K.L.:
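Can you keep this structure in mind? I'll have questions shortly.
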Amino acid sequence: MEYNFSEIEKKWRQFWADHKTFKAEDNSSKPKYYVLDMFPYPSGAGLHVGHPLGYIASDIYARYKRLKGYNVLHPMGYDSFGLPAEQYAIQTGQHPAITTEQNISRYRDQLDKIGFSFDWDREVRTSDPRYYKWTQWIFKQIFNSWYNLKSNKAEDISTLIAAFESNGNTGIEAVTEFTETFTAGEWKNYSEKTQSDILMEYRLAYLADSWVNWCPALGTVLANDEVINGLSERGGHPVEQKLMRQWSMRIKAYAERLITGLDTIDWTDAIKDIQRNWIGKSRGASVFFPLWKACPDKNSSGGTEEEGSLADNKKGGQTDHTIEVFTTRPDTIFGVSFMVLAPEHPLVDEITTTEYKDVVDAYKTAASLKSERDRQADVKNITGQFTGAYVLHPFSGEKIPVWIGDYVLASYGTGAVMAVPCGDQRDWDFATHFNIPVKNIFENTDISEGAYTEKEGIIADSDFLSGLPVKKAMVIAIAKIEELGIGKGKTNYRLRDAIFSRQRYWGEPFPVYYKNDIPYLVDDAHLPVELPEVNKYLPTEDGEPPLARAGKSAWKYFEGDRMEYNTMPGWAGSSFYYLRYMDPHNDNEFVSKDKADYWNQVDLYIGGSEHATGHLLYSRFWCKFLYDRGYISFDEPFKKLINQGMILGRSSFVYRVDFATIDNDTPEKTTFNTGLIDFTIFVSKEKINASINNEIFSILKKRDFYFNGFTIEGFSPIHVDISLVDNDKLDVEAFKMWRSEFANAEFILEDDGSYTCGSEVEKMSKSKFNVQTPDELVEKFGADTLRMYEMFLGPLEQTKPWDTKGINGVHNFLRKLWRLFYENGNLIVTDAPASKEALKTLHKTIKKVEDDLERFSFNTNVSNLMICVNELTEQKCHSKEILKQVVILLAPYAPHTAEELWSEALGNRAGTVSTAQFPAFSPEMLVEANTVYPVSFNGKMRFNAELPTTFSAKEVEEAVLAMPETQKWLEGKTPKKMIVVPGRIVNIVV
RNA sequence: GCGGAUGUGGUGAAAUUGGUAGACACGCCAGACUUAGGAUCUGGUGCCGAGAGGUGUGCGGGUUCGAGUCCCUCCAUCCGCACCA
């Protein structure tokens, strides 16, 4: 029998499907193991070779665990709500559900061809109403919860309402921005609307006016993790800040637990650090600075009034007439020489004096017109404006000028900073730029060229802090601040609440309706609230989201004055899918408690690191919430996480000749390509630096184009589809046909008549025409070769460029393996007992394969199998006893080939190798009579000495010293010292 | 600026606790075989050197009998965050 991989693979895929070989049992006496991949968004481009990398690794591990006797849950599904299907719908009118369905079936075809051992009976799709019913249901639970700081967990909102009814909100410690107090009596007398508004301040899913990242091009808000350098992650459109009424998730309530939880899970430090950084915990103090003037508006006499003393000002009231700042350096409080507020700070208008009103307004307007990107790009430009107002230093009583400046962010801390130019570079720059006097409070430091930003040294000139080291001064400053009641120690987080609404069509509708402007939840009995049909997928003319186009009758369920028009963000459905896989067909619960307890945490999760601050953080948040509310019994979803590296593509370029007109009046050049010359000229890469002007001129002449008033401007690289390029040589005719505008292009070729393309390693993308799909490789070499090759490429976590150069090596390995079983099509497996050598090879391999799998070293395992087959080939081993075990070792990597050999060559007709038992390693098989010792002199290895394994260190020493080679290397000298590590090495110091 | 990762032949890479650097593969060179196949087999292949030998894991230093591995300084590349007070 020949190694006919395409028939073998087809046959076994069918077998697995027919026999449901990989079905996971919810009840089993076996230990459980849950291996999960990040489910894909089914894009129109299909899978490229980068997608399966992680899937292959997890599949190998899942198959290995089955062989090791585990009950393995290894599911797959689709994150099928998302922007591209909606954009396509806007352009073509085709319903996103149809596009999505088509893309999913393409993905499924591609996935199937690679031979994954998924339990497809558990497939989920986030856009399926039977799935998003539970997304909506979880939203309801979050809406109906508040965060109790006393129990440090989320609790049902009814416990809060009960407390309000008996005691008002005094004594409540909750995560909220709400600062007013009310009594039980007041609560009961509030209108339903007021009660609803107050509860909204406590709910973990809430509606609020918040500054959001608004992307006009996409017509929707974006979460912080969807904005990169001020541009949208998808499409790269500009993003601006806008105040909008939006649904948010109070993820800040979990900030601390999201940090501490990281210590309980096995993720790389890189990802943990990204999350810690994103949450951005900083310790410090909030301090209240009293305003110098009570209220300038009420006192038009401006600066003529007497300066109040600190004590007098304090009497004026801490709430109305103070500005709160957050600082991580309370030890530097005596170095404060001015204060800066964010331009959007709510007190700015109130404190600005009449004299400065116009300039402050002008500054505010200028700041508000800047996009997020401009503001970030403008970092080096120092801008700011004095407001005319002063605060008083809470300790010294000194007058401190109040400025506004856009280096202070409204959304971080209190939106106000106490500026300490001697200890903070930004404050120093600001002070220097505006000539504000700088006070130095650090002993023996020079701040003439910049701030002293080290968190060490001795504080000077600072009243009760003078002479103290920085770290001690921090503690004492906070204590004193708290003692005087002018502030308190505080922990601040950079993490912001997550905006949860999107102005899109293709997402989960909210289970929410409005009546008299009060939001109400749709009853569980009416879930899911299904997406209504709309005539267009665009926002309405007055800027409402697309769902506002749906009339009352378009909704299968409608209540109140209107339904919620927003839909949920992409991360909603992906935040609990790992739980749904445990119980995917349950109509009564999102997952039954029994099944959630049984399958428990995901033991191994594999996916890209690009989800570090999005999906992985949100999933942890929801998991902790569901844990708090008692639906599951673990509060971290993913026990071990591996981030597979990205596979980059190799793009190819052709080089277009660009021309320019020369305008005699102005020296500027204008590039044109097709305007005056209706054909394009491409230059082969190797010719770019040669003198080719004559060649170009003769082409122009040939085409009857007379060249005057133009010059050759340069050469632009243009991406060309990699399927038209072989080994950097362009198929010129295919290229002309590829894009019609190049049909009559001209080419300047190499001397040998070929066209050489340039190349670059970049991310794979449709627009770069460098996408390598797995399909053609499966076709050419088979899925087993592809699987092994992707693993052989290098460590899983590493980013690596795709290159098919080595794929033959892996393919040849499988053929070589085949030849251990068949010679010229005849079965040559024997029942003869295995040789000692063969047993040694086998057991060496068992140990290595197992060890390497346990540490997820998939690449080295391919070599282990290669070495095994090389050795067995050399030994001419065709023993069934050995080969049977080898096939099991191979099965996770090359499952189709393994199945075929198992059933046909080894005669296990009825069974499948997928449920075989992983071979046991016997150390005694590796015991040798002799050990080879490398002998080194001064650490340099000189020769090998074969000595009996049973020799003690002393015996080894004596035997080595007696060897002629030793005498040669000693050159007559006496060894100073001899190190013998039994079984390993001998080193002689001369 | 802060945080993280990486740096080894012509190429992808290996070396798990400090113990023969370059396993395994690609490529290349030489040869064999042949019903010319992306076949198979044999030998070689870090660099310098005819050889003995020397030298070699980004640079420089240190610890050690012994360092790719541990420590210090620096350099380069990639990733994440960034007027975060």
Side-chain angles (χ1 to χ4, degrees), chain A residues 228-229 268-278 280-282 284 325-329 332 340 342 375-376 378-383 405-409 411-420 423-427 429-430 453 492-496 609-610 612-613 643 645-646 780-781 788-789 792-795 797-801 803-813 815-816 819 848 851-852 854-855 857 859-867 870 873 932-944 975-981 983-990:
Chain A
I228 294 170
N229 292 329
T268 61
D269 287 339
I271 291 283
K272 287 184 181 184
D273 277 331
I274 290 172
Q275 292 212 344
R276 284 195 196 101
N277 205 305
W278 186 260
K281 179 178 180 173
S282 49
V325 300
F326 173 75
T327 177
T328 54
R329 295 295 302 274
T332 64
V340 187
R375 212 160 143 161
Q376 281 175 17
D378 237 15
V379 165
K380 285 183 197 84
N381 251 336
I382 298 162
T383 64
D406 66 4
Y407 82 95
V408 177
L409 305 174
S411 52
Y412 182 76
T414 62
V417 302
M418 57 175 226
V420 182
D424 183 289
Q425 191 56 43
R426 292 153 306 171
D427 297 346
D429 292 339
F430 195 87
T453 54
N492 204 40
Y493 298 93
R494 197 178 67 90
L495 181 73
R496 298 180 210 172
S609 60
E610 66 273 20
T613 52
N643 297 111
M646 207 191 322
K780 217 159 154 185
F781 298 100
M788 292 197 94
Y789 183 61
F792 195 52
L793 228 39
E797 294 94 332
Q798 211 164 85
T799 298
K800 49 216 156 207
D803 195 333
T804 52
K805 268 198 309 206
I807 199 164
N808 268 321
V810 173
H811 191 62
N812 289 342
F813 156 75
R815 300 171 66 106
K816 193 167 180 179
R819 288 200 299 273
K848 279 180 167 178
D851 286 354
D852 282 1
E854 289 298 342
R855 64 190 180 102
S857 182
N859 54 327
T860 53
N861 241 342
V862 179
S863 347
N864 292 336
L865 293 166
M866 285 173 170
I867 293 167
N870 288 348
T873 302
V932 176
Y933 280 90
V935 180
S936 310
F937 290 77
N938 291 336
K940 284 196 176 66
M941 155 36 189
R942 295 303 182 184
F943 64 89
N944 283 318
K976 274 191 203 143
K977 198 176 169 186
M978 229 175 136
I979 285 114
V980 177
V981 183
R984 294 219 78 130
I985 198 172
V986 175
N987 190 19
I988 301 170
V989 188
V990 183

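Side-chain atoms are counted along with the backbone in the values below, which use heavy atoms only and exclude waters and symmetry mates. From a predicted model like this one, the values you see are computed outputs, not experimental measurements. To find a chain, count down the sequence lines: A is the first, B the second, and so on, and within it residues start at 1.
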K.L.:
Roughly how far apart are A:Asp803 CG and A:Leu793 CG, rounded to 0.5 Å?
P.N.:
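Answer for the CG-CG pair, A:Asp803 versus A:Leu793, is 8.0 Å.
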K.L.:
Given atom CG of A:Asn987 and atom C1' of B:rC65, what is their separation to the nearest angstrom?
P.N.:
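Rounded to the whole Å, the gap is 5 Å.
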K.L.:
With syn defined as a glycosidic angle within 90° of 0 and anti as everything else, classify B:rG9.
P.N.:
syn
K.L.:
Considering only atom C1', compute the distance from B:rC72 to B:rG12 and round it to an integer number of Å.
P.N.:
33 Å
K.L.:
Rounded to whole Å, please give me the gap between NE2 in A:His811 and P in B:rG12.
P.N.:
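From A:His811 NE2 to B:rG12 P: 24 Å.
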K.L.:
Taking B:rU20 as the reference, what is the distance to B:rA15 when you measure between their C1' atoms (whole Å, please)?
P.N.:
11 Å
K.L.:
Which value, in whole Å, describes the distance between the C1' atoms of nucleotides B:rG22 and B:rG46?
P.N.:
8 Å
K.L.:
Strictly distance-based, threshold 3.5 Å: is any side-chain N or O of A:Asn987 a donor or acceptor partner for the main-chain N or O of A:Gly939?
P.N.:
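Yes; at least one donor-acceptor contact below 3.5 Å.
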K.L.:
A:Pro934 side chain: which of B:rG19, B:rC83, B:rU20 is closest?
P.N.:
B:rU20
K.L.:
Check every atom of B:rC24, B:rA85, B:rU17 against the side chain of A:Val417 and return the nucleotide holding the closest atom.
P.N.:
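Of the candidates, B:rA85 comes closest.
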K.L.:
Expressed as a whole number of angstroms, how long is the span from A:Arg329:CZ to B:rA85:C1'?
P.N.:
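In whole Å, B:rA85 C1' lies 11 Å from A:Arg329 CZ.
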K.L.:
Could you please name the option among B:rA25, B:rA85, B:rG19 that lies closest to any side-chain atom of A:Met866?
P.N.:
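Between B:rA25, B:rA85, B:rG19, the one nearest the side chain of A:Met866 would be B:rA25.
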K.L.:
When rounded to the nearest Å, what value does the distance between P atoms of B:rA23 and B:rC71 take?
P.N.:
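Here B:rA23 and B:rC71 have their P atoms 28 Å from each other.
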K.L.:
Please figure out whether A:Ser609 or A:Val981 has its closest RNA chain B nucleotide nearer the 5' end.
P.N.:
A:Val981
K.L.:
Please give me the minimum heavy-atom distance between A:Leu865 and A:Met788, naming the atom from each residue.
P.N.:
CD1-CE, 3.9 Å
K.L.:
side-chain contact (heavy atoms from CB on, under 4.5 Å) with A:Asp851: which residues, sequence neighbours excluded?
P.N.:
A:Lys847
K.L.:
What are the atom names and distances for every N/O pair under 3.5 Å that joins the protein to nucleotides 13-15 of chain B?
P.N.:
from, atom 1, to, atom 2, distance (Å)
B:rA13, OP1, A:Gln798, OE1, 2.7
B:rA14, OP1, A:Asn859, ND2, 2.8
B:rA15, OP1, A:Arg855, NH2, 3.2

K.L.:
Could you tell me how far B:rG68 sits from B:rC79 if I compare only their P atoms? Round to whole Å.
P.N.:
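Rounded to whole Å, the distance is 30 Å.
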K.L.:
Can you name the residues that form a salt bridge (Lys or Arg N to Asp or Glu O under 4.0 Å) with A:Lys816, not counting sequence neighbours?
P.N.:
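Counting only residues at least two positions away or on another chain, A:Lys816 forms no salt bridge (Lys or Arg N to Asp or Glu O under 4.0 Å).
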K.L.:
Take atom C1' in B:rG61 and the same atom in B:rA67, then report the distance between them in whole Å.
P.N.:
14 Å
K.L.:
Just to be sure I understand the rule, does A:Asp406 reach a base, reach only the sugar-phosphate, or reach nothing, if contact means heavy atoms closer than 4.0 Å?
P.N.:
base
K.L.:
Using atom C1' of each nucleotide, how far apart are B:rG9 and B:rU45 to the nearest Å?
P.N.:
10 Å
K.L.:
Map A:Ser411 and A:Ile985 onto RNA chain B by nearest heavy atom, then report which one ends up closer to the 5' terminus.
P.N.:
A:Ile985
K.L.:
Reading nucleotides 26-45 of chain B from the 5' end, what letters show protein touch, with B for base, S for backbone sugar-phosphate only, - for no heavy atom under 4.0 Å?
P.N.:
S-----------B-SS----
K.L.:
Less than 4.0 Å between a side-chain N and a carboxylate O, is that true for A:Arg276 and A:Asp273?
P.N.:
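Result for this pair is yes, salt bridge flagged.
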K.L.:
Just checking A:Ile274: base, sugar-phosphate only, or nothing, at a heavy-atom cut-off of under 4.0 Å?
P.N.:
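Sugar-phosphate contact only.
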K.L.:
Applying side-chain contact (heavy atoms from CB on, under 4.5 Å), can you list everything that pairs with A:Arg942, at least two apart in sequence or on another chain?
P.N.:
A:Phe937, A:Lys940, A:Trp969
K.L.:
Roughly how many Å is it from CG in A:Leu865 to P in B:rA25, rounded to a whole number?
P.N.:
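The distance from CG of A:Leu865 to P of B:rA25 comes to 12 Å, rounded to the nearest Å.
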K.L.:
Once salt bridge (Lys or Arg N to Asp or Glu O under 4.0 Å) is applied, do any residues pair with A:Arg426, and if so which ones, sequence neighbours excluded?
P.N.:
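Here the qualifying residues are A:Asp424.
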K.L.:
Name all residues meeting the side-chain contact (heavy atoms from CB on, under 4.5 Å) criterion together with A:Asn643; count only those two or more places apart in sequence or in a different chain, and write none if there are none.
P.N.:
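Partners of A:Asn643 under the side-chain contact (heavy atoms from CB on, under 4.5 Å) test: A:Thr268, A:Ile271, A:Ser609, A:Leu641.
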K.L.:
Donor-acceptor pair, A:Tyr933 side chain versus A:Gly983 backbone, under 3.5 Å?
P.N.:
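It does hold such a pair.
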K.L.:
Could you pull out all residues at least two apart from A:Phe326 that satisfy ring pair (Phe, Tyr, Trp, His ring centres under 6.0 Å)?
P.N.:
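Checked A:Phe326 against ring pair (Phe, Tyr, Trp, His ring centres under 6.0 Å); zero matches.
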K.L.:
Does A:Asn864 have a side-chain nitrogen or oxygen under 4.0 Å from the phosphate oxygens OP1 or OP2 of B:rA23?
P.N.:
no
K.L.:
Of all residues at least two apart in sequence or in a different chain, which pass the ring pair (Phe, Tyr, Trp, His ring centres under 6.0 Å) check with A:Tyr789?
P.N.:
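A:Tyr789: ring pair (Phe, Tyr, Trp, His ring centres under 6.0 Å) contacts with A:Trp802.
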K.L.:
I'd like a table of atom pairs between the protein and nucleotides 54-58 of chain B - only N or O on both sides, under 3.5 Å - with the distance next to each one.
P.N.:
from, atom 1, to, atom 2, distance (Å)
B:rG54, OP2, A:Arg942, NH1, 3.1

K.L.:
Counting the atoms with a prime plus P, OP1 and OP2 as sugar-phosphate, which does A:Val408 contact under 4.0 Å by heavy atoms, base, sugar-phosphate, or nothing?
P.N.:
base
K.L.:
OH of A:Tyr789 versus P of B:rG12: gap in Å, rounded?
P.N.:
11 Å
K.L.:
Which heavy atom of A:Val986 sits nearest to which heavy atom of A:Met978, and what is that distance?
P.N.:
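Scanning both residues completely, I find the closest heavy atoms to be CG1-CE, 3.8 Å.
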K.L.:
Report the distance from atom CD of A:Gln275 to atom P of B:rG4, rounded to the nearest whole Å.
P.N.:
16 Å
K.L.:
Report the nucleotide, chosen from B:rC84, B:rC83, B:rC65, that has the shortest atom-to-atom distance to any side-chain atom of A:Lys977.
P.N.:
B:rC65
K.L.:
Could you state the atom-to-atom distance from CG of A:Asn861 to P of B:rA25 in whole Å?
P.N.:
15 Å
K.L.:
Starting from the C-alpha separation in whole Å, work towards a yes-or-no answer on side-chain contact (heavy atoms from CB on, under 4.5 Å) for A:Ser936 and A:Asn938.
P.N.:
CA-CA 6 Å; A:Ser936 310; A:Asn938 291 336; over 6 Å; no
K.L.:
When Watson-Crick pairs (N1 to N3 and N6-O4 or O6-N4) and G-U wobble pairs (N1-O2 and O6-N3) count only below 3.5 Å on both distances, what is the dot-bracket string of RNA chain B, with | for other-strand pairs?
P.N.:
(((((((..(((......[....)))((((((.......))))))(((....)))..(.(((..]....))).))))))))....
K.L.:
If you measure from the C1' atom in B:rA76 to the same atom in B:rA14, how many Å do you get, rounded?
P.N.:
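Rounded to whole Å, the distance is 24 Å.
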K.L.:
Do A:Lys800 side-chain atoms and A:Pro795 backbone N/O form a donor-acceptor pair below 3.5 Å?
P.N.:
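Such a contact is found between A:Lys800 side chain and A:Pro795 backbone.
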K.L.:
Send over the distance from A:Asn277 CG to B:rC79 C1', rounded to a whole Å.
P.N.:
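The distance from CG of A:Asn277 to C1' of B:rC79 comes to 12 Å, rounded to the nearest Å.
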K.L.:
Name all residues meeting the side chain to side chain donor-acceptor pair (under 3.5 Å) criterion together with A:Asp427; count only those two or more places apart in sequence or in a different chain, and write none if there are none.
P.N.:
A:Tyr407
